[in-house]
Amino acid sequence: MPSPSAIFILILSVALIAGGIWAGQNINLLPIDASINAPIYDELFKVLFSIGTILFLGILGLVIYSLIRFRRRPGQVGDGLAIEGNLPLEILWTAVPAVVILFVGLYSYDIYDRMGGMQPLAHNGHHQMEKTEERIWGGIGSGTIDSSTGDAIAPLPVDVTAMQFAFLFHYPQGDIISGELHVPVGQPVTMKMESKDVIHAFWVPEFRLKQDVIPGQPTIMNFTPTKPGRYPIICAELCGPYHGGMRSTVVVEESKDYQAWYSKNAKPTSSETSDV
Amino acid sequence: MTITVPQTNKQPSEKLQPTGWLRYLSFSLDHKVIGIQYLICGFIFYLIGGALASAIRIELTSPVSDFMARDVYNQVLTLHGTIMIFLWIVPVVNGAFGNYLIPFYVGARDMAFPRLNAVAFWLIPPAGLMLITSYFINGAAQSGWTAYPPLSITTPAAGQIIWIISVLLLGGSSIFGGINFIVTILKLRRPGLQLMQLPMYCWAMLGTSILVVLSTPVLAGTLILLSFDIVAHTGFFNPALGGNVIVYQHLFWFYSHPAVYIMVLPAFGLVSEILPVHCRKPLFGYTTMVYSIMAIVVLGLVVWAHHMFTSGTPPWMRLFFTIATSFIAVPTGIKFFNWVATLWGGRISLNSAVLFSCGFIINFVLGGITGIALAQVPFDIHVHDTYFVVAHFHYVVYGGSVFVIFSSIYHWYPKFTGKMLNENLGRFHFLITFIGFNLCFGPQHWLGMNGMPRRVAEYDPQFTFVNQLSSVGALLMALSTLPFLWNIFQSALKGPIAGDNPWQGLTPEWLTSSPPPVENWKGEAPLVSKPYGYGVNKEESTMESVDDAQGDNNS
């Protein structure tokens, strides 16, 4: 028959695990999700947050309990217990973290794959494969989402140029140059990015995406916005004195609003070739 | 069979070395003097680096850049990072405590190369002074402590070059120290002392020194190439001349990730010395602790590219470094469980040293958990280069290493000076440091996840309140040094006499007078085969493990 303290420890452990899972599901620390891979990211975050909460509160509890329970009381002399180790226990706390880490690793691989991280990068908007194509590295995200639905939408190509201290967005279709990134909701966007001077980074917190913009080394990032709105584009790599001020905006619009913006800004000669 | 190894005095006699406080300003060859030199020099730089941190937190109380010029802000953050890493944590956890304790632990009278040891220390003050004065000459470096090109090539050259020279000097000092520790631990052990009988800090320093010797030369080479790009207009890392900026990042992080372990492994070792003494228990799981240190050393060398997940790395590389980084959590976890098990069933004195060590365990566990999260590529892609990362590494290096430095000062101050510190003041110091630290860096996790990048002087106004909260925490941390400094000075002058062994420790440094004599022991070095032989069930262990017989046998 188990001793009362064993039952108590069991209840405490279950409460801790349940509390961790509850915290992961209910405490939201992230901004709104506005791209296809943001909800996938949030799934991973919830799992990591649950595991982290259980681990942290568990160790915190053990340390505080030990400090109170095993403190030297006034007048006490002598040593504690002469325990030099316990092999089964040490194997246990090697094996359990190893299994947890293995689970986290496999799970985050799955997440990475679902975000499109393992797909070969191709900048679909560019007609011919450039010589440098194999040297193009990139962020997460696939240009063509979910081809299983049948009617895959062709991605919208955008060329991004970063410089101290601004982003420039060039739309090859329509030959538009803009300081703000306008994209229609639900349409995949594929961006080829290059810097003119130092390293910058393109980050939209609501998309949960970031990719460095590097001089002499084009990088690619793909995303599909899901919620209309204005979201900040933030430079995340120290790029000089005005680094903190290097921001822009991505405007995610309904299709008709985007079309209105597009036809207003497109160069007349090239507007007919547009297939958006 | 009895082997008698006479331990001869190879150093110049006491009279040739300066005595009194002047010896701390001299080219002393005594490892204890050099250790204290490292500690005091490091603490002075800690105060300077802390003042720079306060300047950053003042600037960030408002969302606009209004406290200092933008380029000055970048200089301040570059100096803050460089000073705290290269002039405070690395020299103190390695140089200060390593020099003071390692010769005691191996039963030697000094380090293997005392003169090299003194040279290693005396490289630090000029390097630090140069770094700080560069601000007044033509502006200090302003490309962050990472000095990524092309930014470091295009910002004013004078400050960047001085930064490179000073980091090269500090790296040289670190390599000299590393060689010295490896030789001392492996070759200067007292006859009869086995490797697996060494106190844990020796193992930590052995592992750390292997990392220092393997990786610091790579940083030196990289920075020399970077300086060629700046002064000779070569094109190693300059894309305008056909160079590649990513290569720099690989080379830089090949050193700078192990640098994290160079800062925390010695701290792990120090905690392993402090907890058993005050818990009156053996260190739990000695053997697994040794193997986990060595596992961290090996894994620590193959994880560097996790700093570059957004830089442009192919998918297979991202996955490899995710897996390698995640697995560091296993040996690290073993150490934490072993420390908790060391607390369990002890007779714990709740003094300042124990509180700071337990504060370290709590802070570092949180830093480790965010570290595992950051190792996952999809997670990192969102929070890389944000305040989430700032919070993470401050939990590791401040909540980890700096808490351990304070714990160690409380623990070994009686040995250093022969005086006791005021415990109530020490516990008060712990309380405001712990609260201030968590108030400063806890909320920064949220800032990073919600859109505040690091190294900015201005930010989205929605983050104002949380930044002000963080600045209040920083203020508490700044104020917490006052009771500490008062305690140090007051106790040195008027503190109660400590005696040789105020904590009844069993490790060799406690088996000599406080402060210890030149050459460490009046007679021969004691043979301590059970440095953690505490415990009520083994009455005999307390003194019999200390075999201070003259002319030992190789039992």
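Note on naming: letters A, B, ... go to the chains in the order of the sequence lines (proteins, then strands), and numbering restarts at 1 for each one. These values consider heavy atoms only, across backbone and side chains, with no hydrogens, waters or symmetry-generated copies.
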Quick one: does A:Lys210's side chain have a donor or acceptor within less than 3.5 Å of a partner on B:Thr310's backbone?
no
A:Val104, part contacting chain B, at a heavy-atom distance under 4.5 Å:
both
Does any backbone or side-chain atom of B:Thr370 lie under 4.5 Å from a heavy atom of chain A? Answer side chain, backbone, both or neither.
neither
Given the rule in the side-chain contact (heavy atoms from CB on, under 4.5 Å) test, do B:Lys530 and A:Glu84 qualify, once you have shown the distances and angles that lead to the verdict?
CA-CA 11 Å; B:Lys530 274 185 164 293; A:Glu84 288 186 340; 3.4 Å; yes
Does any backbone or side-chain atom of A:Leu29 lie under 4.5 Å from a heavy atom of chain B? Answer side chain, backbone, both or neither.
both
Would you check, one step at a time, whether the test side-chain contact (heavy atoms from CB on, under 4.5 Å) holds for B:Phe337 with A:Leu92?
CA-CA 10 Å; B:Phe337 288 119; A:Leu92 179 78; over 6 Å; no
Contact class of A:Val47 relative to chain B, heavy atoms under 4.5 angstrom
neither
Proximity breakdown for A:Phe207 and chain B, heavy-atom pairs closer than 4.5 Å:
neither
Side chain, backbone, both or neither: which part of B:Ile372 has a heavy atom under 4.5 Å from chain A?
side chain
Side chain from CB out, backbone as N, CA, C, O: work out which of these in A:Leu67 comes under 4.5 Å of a heavy atom of chain B, or both, or neither.
both
What residue in B:Phe327, B:Tyr73, B:Tyr532 has the most heavy-atom pairs under 4.5 Å with chain A?
B:Phe327
Less than 4.5 Å to any heavy atom of chain B: does that hold for the side chain of A:Glu206, its backbone, both, or neither?
neither
Tell me, for A:Trp93 versus chain B, whether the close heavy atoms (under 4.5 Å) come from the side chain, the backbone, both or neither.
both
Given side chains that start at C-beta, do those of A:Trp203 and B:Thr386 come closer than 4.5 Å, heavy atoms only?
yes
Report which part of A:Ile101 has an atom under 4.5 Å of a heavy atom belonging to chain B: side chain, backbone, both, or neither.
side chain
Honestly, the part of A:Ile214 sitting under 4.5 Å from a heavy atom of chain B is side chain
Given a strict heavy-atom distance threshold of 4.5 Å, which part of A:Asp197 is in contact with chain B: side chain, backbone, both, or neither?
backbone
Non-hydrogen atoms of chain B under 4.5 Å away: do they reach the side chain of A:Pro215, the backbone, both or neither?
both
By a 4.5 Å heavy-atom criterion (distance strictly below it), what part of A:Ala98 contacts chain B: side chain, backbone, both, or neither?
both
Is it the backbone or the side chain of A:Ile234 that comes under 4.5 Å from a heavy atom of chain B, or both, or neither?
side chain
Can you label the angle between the A:Tyr41 ring and the B:His382 ring as parallel, tilted or perpendicular, going by 30° and 60°?
perpendicular
Heavy-atom distance under 4.5 Å between the side chains of B:Thr287 and A:Glu90, does that happen here?
no
Which value, rounded to the nearest 0.5 Å, describes the distance between B:Thr155 atom OG1 and A:Leu238 atom CG?
9.0 Å
By a 4.5 Å heavy-atom criterion (distance strictly below it), what part of A:Arg73 contacts chain B: side chain, backbone, both, or neither?
neither
